[in-house]
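Taking it in order: structure first as structure tokens, then the write-up.
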Amino acid sequence: MDGMSGPYLIRGSVALPEAELLWRFSRSSGPGGQHVNTTDSQVELRFDLARTEALPEVWKRRALERLGPRLVDGVISVRASEHRSQWRNRETAAVRLAALLAEATAPPPKPRKPTRIPRGINERRLRTKKQRAEVKRGRSGRDWT
């Protein structure tokens, strides 16, 4: 096996550029028994969002704006240490980064177009209000002697 399972698509035909991904491995604090003390299974994946040429300019601007607090010098980093194997953690980190970028580059939602409340609904609401008022008025004991 050659390692990674193909390009990680962000959206459409745009994928994470393999050449621009920086991988760092360290010992994980997760499960694994004695084996965990000898293997670098925790993965940190870094991607230079500010300097990348792989994303369209509009997407890049949008992502930089939305991910602002998470960036360090324009670089986004994702960690994965859930699995015992480094390979599975690499997969997890890459998928997580792709999902993060997909969400950050998504176009803003269309503004809501205000609509009028249908007359029938308004009339029904007023009718039930009147009925309720009648019920409550009937409870007051002013007519009793």
Side-chain angles (χ1 to χ4, degrees), residues 1-140:
M1 249 193 266
D2 66 324
M4 305 306 287
S5 68
Y8 296 95
L9 291 180
I10 295 171
R11 224 178 39 253
S13 60
V14 180
L16 279 175
E18 204 66 50
E20 293 182 30
L21 299 178
L22 296 166
W23 298 93
R24 233 174 74 203
F25 308 101
S26 56
R27 293 194 179 140
S28 179
S29 62
Q34 293 173 338
H35 174 70
V36 82
N37 300 329
T38 59
T39 36
D40 293 341
S41 59
Q42 178 173 286
V43 173
E44 185 183 352
L45 174 57
R46 296 164 64 90
F47 178 63
D48 196 340
L49 190 57
R51 292 188 190 85
T52 186
E53 297 294 320
L55 297 177
E57 198 55 42
V58 182
W59 287 20
K60 194 157 101 171
R61 234 187 349 260
R62 210 180 280 154
L64 284 168
E65 190 180 303
R66 289 183 185 165
L67 296 173
R70 278 197 67 167
L71 299 175
V72 178
D73 298 329
V75 177
I76 183 95
S77 87
V78 173
R79 265 209 180 99
S81 61
E82 293 85 62
H83 306 290
R84 286 170 65 165
S85 87
Q86 186 191 94
W87 186 81
R88 284 180 68 192
N89 281 332
R90 284 177 69 131
E91 288 285 303
T92 304
V95 167
R96 209 177 281 166
L97 180 64
L100 195 67
L101 288 173
E103 197 178 308
T105 58
K110 288 193 172 91
R112 181 186 173 277
K113 196 192 263 181
T115 55
R116 285 191 47 198
I117 299 169
R119 200 169 77 214
I121 290 176
N122 221 6
E123 286 172 354
R124 194 178 326 134
R125 182 180 63 85
L126 292 174
R127 199 168 38 251
T128 56
K129 259 180 91 146
K130 274 202 176 85
Q131 285 171 352
R132 191 88 190 118
E134 284 301 315
V135 167
K136 289 187 172 191
R137 199 173 297 123
R139 288 184 188 152
S140 68

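Residue numbers count from 1 along this sequence.
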(request) Check V78, L67, T52 against L101 for a side-chain contact (heavy atoms from CB on, under 4.5 Å) and give me the one that passes. (result) L67

(message) Before you tell me yes or no, could you show the steps for V43 and R79 under side-chain contact (heavy atoms from CB on, under 4.5 Å), namely the whole-Å CA-CA distance, both residues' side-chain angles and the distance that decides it to 0.1 Å?
(response) CA-CA 6 Å; V43 173; R79 265 209 180 99; over 6 Å; no

(request) Nearest 0.5 Å please: distance from the OG atom of S85 over to the CD atom of E91. (result) 9.0 Å

(request) Work out which heavy atom in A54 is nearest to a heavy atom in E20; give both atom names and the distance. (result) N-OE2, 4.2 Å

(request) Please confirm whether the backbone N or O of H83 pairs with a side-chain atom of N89, one donor and one acceptor, at under 3.5 Å? (result) yes

(request) Of all the heavy-atom pairs spanning R90 and W23, show the shortest one and how long it is. (result) O-CH2, 3.6 Å

(request) If a pair satisfies side chain to side chain donor-acceptor pair (under 3.5 Å) and one of its residues is in residues 96-111, list it, with sequence neighbours excluded. (result) R11-T105, E82-R96

(request) Determine, stepwise, if the pair E123 / R127 fulfils salt bridge (Lys or Arg N to Asp or Glu O under 4.0 Å). (result) CA-CA 6 Å; E123 286 172 354; R127 199 168 38 251; 5.3 Å; no

(message) Testing the basics here: between K60 and A50, what is the closest heavy-atom pair and its distance to 0.1 Å?
(response) NZ-O, 3.3 Å

(message) Would you say that more than 12 heavy atoms from the other residues, nucleotides or ligands in this model lie under 6.0 Å from the CG of L126, or not?
(response) yes

(request) Could you walk me through whether D48 and I76 pass side-chain contact (heavy atoms from CB on, under 4.5 Å), step by step? (result) CA-CA 6 Å; D48 196 340; I76 183 95; over 6 Å; no

(request) Decide yes or no for L97 and F47: does some side-chain heavy atom of the first lie under 4.5 Å from some side-chain heavy atom of the second? (result) yes

(request) Please determine if R137 and E134 form a salt bridge, counting it only when a charged side-chain N lies under 4.0 Å from a carboxylate O. (result) yes

(request) Look up atom CG in L55 and atom CG in L64, then write down how far apart they are to the nearest 0.5 Å. (result) 9.0 Å

(request) With rounding to the nearest 0.5 Å, note down the distance linking NZ in K130 to CZ in R125. (result) 10.5 Å

(message) Using 0.5 Å steps for rounding, measure from the CD atom of E44 to the OG atom of S77.
(response) 4.5 Å

(message) Strictly distance-based, threshold 3.5 Å: is any side-chain N or O of T128 a donor or acceptor partner for the main-chain N or O of R124?
(response) yes

(message) Would you compute the distance between atom CG of L49 and atom CG of L100 and round it to the nearest 0.5 angstrom?
(response) 9.5 Å

(message) Minimum heavy-atom separation for R66 and P107, please, with both atom names.
(response) NH2-C, 4.1 Å

(request) Please report the closest heavy-atom contact between A94 and L45, naming both atoms and the distance. (result) CA-CD2, 3.6 Å

